[in-house]
2 protein chains.
Amino acid sequence: MGSRWGINRTVGQIYALLYISGRPLPADEIAEALSFSRSNVSMGLKELQSWRLVRLQHLPGDRREHFSTPEDVWQIVRILAEERRRREIDPTLSVLRDLLLKKPGNEDERAIQHRLQEMHDLIELLTRWSEDVQRLETQQLTQILRLGAGIIRLLDLKNSLPLLGAKRRPAQSPPGDSTPDEAALAGEGMDDD
Amino acid sequence: MGSRWGINRTVGQIYALLYISGRPLPADEIAEALSFSRSNVSMGLKELQSWRLVRLQHLPGDRREHFSTPEDVWQIVRILAEERRRREIDPTLSVLRDLLLKKPGNEDERAIQHRLQEMHDLIELLTRWSEDVQRLETQQLTQILRLGAGIIRLLDLKNSLPLLGAKRRPAQSPPGDSTPDEAALAGEGMDDD
DNA sequence: TGGTCTGTTCAGAAAAGTCTGAAAGATTAA
DNA sequence: TTAATCTTTCAGACTTTTCTGAACAGACCA
């Protein structure tokens, strides 16, 4: 599956092996287990490290470098989302913004900018959201996800009782977290897809 | 950017052109605008159609087939998420489930199954969530996204006032939508990343 | 110092993926 | 029916990516 994901088959296999093995493995064991050349494994591990998806460890009494994946699956999701954002989304947004700063020369260009603006706002909104919720504790995160579309009932509840929303303690939200709600207008961010 | 996304550069360019042009274009105009061979465009459009990302249209007085993208950016997101789920996530889950049905032969195999189970549950939970919220109206969707991590304050609110949660109207949630909340245990689904 | 073990780099082989022109297929109009 | 116009298919040229073995580099030990 990884092959459709910007990471190649070999690298995916190495990662999968580390994930299911559940213990740190040295490069030569990986090469043997998967029948890859030693150099191929070396490069694959390099790439995984650049994605922060594997950690290098030294085991006592063994000179070789050992590699392992994070224990917690949610940690994996967080890292992946962050790295993709950094590598793919942010540069895209930056290009879009540059284009949006130019003065449109005519009606066509204005229309094009409008479309780009919509795409930009969409991406920004999705990214912001994902940044935001990824900072939550795993436990809170799963609670939200389990709720699914049921979340909308909570929103209805809040809308029907605006008084409550206004007078509650603000201490609960994470630090860098603004209080957008209906205020914010242009989104900023994009998850994957 | 598309090149890291399982869709190739050419196809991405065609799509981008259709998106920003904002009107249906025939294949030969696309070929000319992007300096691709006519056949290359034909294949690219085929692929985009298989992803349901472009729609074929016939314009009065013109025999050529014209292609356009959905107007609404959210529609694009919905389609992409659905297709990726269908093509990549569902088959993955299915393989994982097969593996989980096998009886573990020893302690190691049991440990491996445990890791696979975690991955399966994670993917399932994310997918379920995305299926779920994608069914919402765009307006509700953006409201939720804008709220970001602020959502957690709503959850707190609900938890602190369990009475309210129990006695409200159930009509608001979409049809096939269960009411998981703290009930559901094993997730089932995965977004991207 | 040399020998052993481990990790990295890199040129080119191998494989995978992309693109094209030519030819064939469809549809419409006359 | 033929001609005109448009679309699709496909073999092979071309490009890009991946993988390998060999050579190199550094650490450690005797």
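As a basis for the values below, the full set of heavy atoms in this structure was taken, side chains included, without hydrogen atoms, waters or symmetry mates. Reminder, nothing fancy here: chain letters follow the sequence lines and each chain counts from 1.
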ask   = Whole-Å distance between C/dT8 P and A/Leu45 CG?
value = 8 Å
ask   = How long is the line joining CD1 of A/Ile7 and P of D/dT17, in whole Å?
value = 15 Å
request  = Could I get the full list of salt bridge (Lys or Arg N to Asp or Glu O under 4.0 Å) partners for A/Asp28, not counting sequence neighbours?
outcome  = A/Arg64
message = List the residues meeting side chain to side chain donor-acceptor pair (under 3.5 Å) with B/Ser37, not counting sequence neighbours, and say none if there are none.
response = B/Ser39
Pairs: protein N or O with nucleotides 25-28 of chain C N or O, under 3.5 Å:
{"from": "C/dT27", "atom 1": "O2", "to": "B/Arg63", "atom 2": "NH2", "distance (Å)": "3.3"}

ask   = For A/Asn8 and D/dT16, what is the distance between atoms CG and P respectively, to the nearest whole Å?
value = 18 Å
inquiry  = Does anything in residues 65-76 of chain B form a salt bridge (charged side-chain N to carboxylate O under 4.0 Å, His left out)? List the pairs, not counting sequence neighbours.
reply    = A/Arg115-B/Glu71
note = side chain to side chain donor-acceptor pair (under 3.5 Å) filter on A/Glu83, not counting sequence neighbours, yields A/Arg52, A/Arg86, A/Arg87
inquiry  = Holding to salt bridge (Lys or Arg N to Asp or Glu O under 4.0 Å), I want the full list of residues that pass it with B/Arg110, two or more places apart in sequence or in another chain.
reply    = B/Glu107
Set of residues satisfying side chain to side chain donor-acceptor pair (under 3.5 Å) with respect to A/Ser42, sequence neighbours excluded = none
Which residues share a side chain to side chain donor-acceptor pair (under 3.5 Å) with A/Asp90, sequence neighbours left out = none
inquiry  = Within residues 26-37 of chain A, which residues have any heavy atom lying less than 4.0 Å from an atom of DNA chain C?
reply    = none
query = Atom CG of B/Asp62 to atom P of C/dA29: distance rounded to whole Å?
reply = 12 Å
note = In whole angstroms, the gap separating P of C/dC19 from CD of B/Glu47 amounts to 11 Å
task = For B/Arg64 and D/dC6, give me the distance from atom CZ to atom P, rounded to whole Å.
result = 6 Å
side-chain contact (heavy atoms from CB on, under 4.5 Å) partners of B/Ile30, counting only residues at least two apart = B/Ile14, B/Leu17, B/Leu18, B/Leu25, B/Leu34, B/Val41, B/Leu45
query = Counting only N and O atoms by type, is there a donor-acceptor contact under 3.5 Å from the side chain of A/Gln113 to the main-chain atoms of A/Leu99?
reply = yes
ask   = Which pair of non-hydrogen atoms, one from A/Glu109 and one from A/Gly105, has the smallest distance, and what is that distance?
value = OE1-N, 2.8 Å
query = Looking at A/Asn40, does any N or O in its side chain come under 4.0 Å of the phosphate oxygens OP1/OP2 on D/dG21?
reply = no
Pairs under 3.5 angstrom, nitrogen or oxygen only, protein versus nucleotides 9-11 of chain D, please.
{"from": "D/dT9", "atom 1": "OP2", "to": "B/Lys46", "atom 2": "NZ", "distance (Å)": "3.3"}

ask   = A/Glu65 has an atom CD; how far is it from atom C1' of D/dC28, in whole Å?
value = 14 Å
inquiry  = Checking A/Val133 now: which residues fulfil side-chain contact (heavy atoms from CB on, under 4.5 Å) with it, not counting sequence neighbours?
reply    = A/Trp129, A/Leu136, A/Leu141
ask   = Separation of A/Arg9 atom CZ from D/dC19 atom P, in whole Å?
value = 9 Å
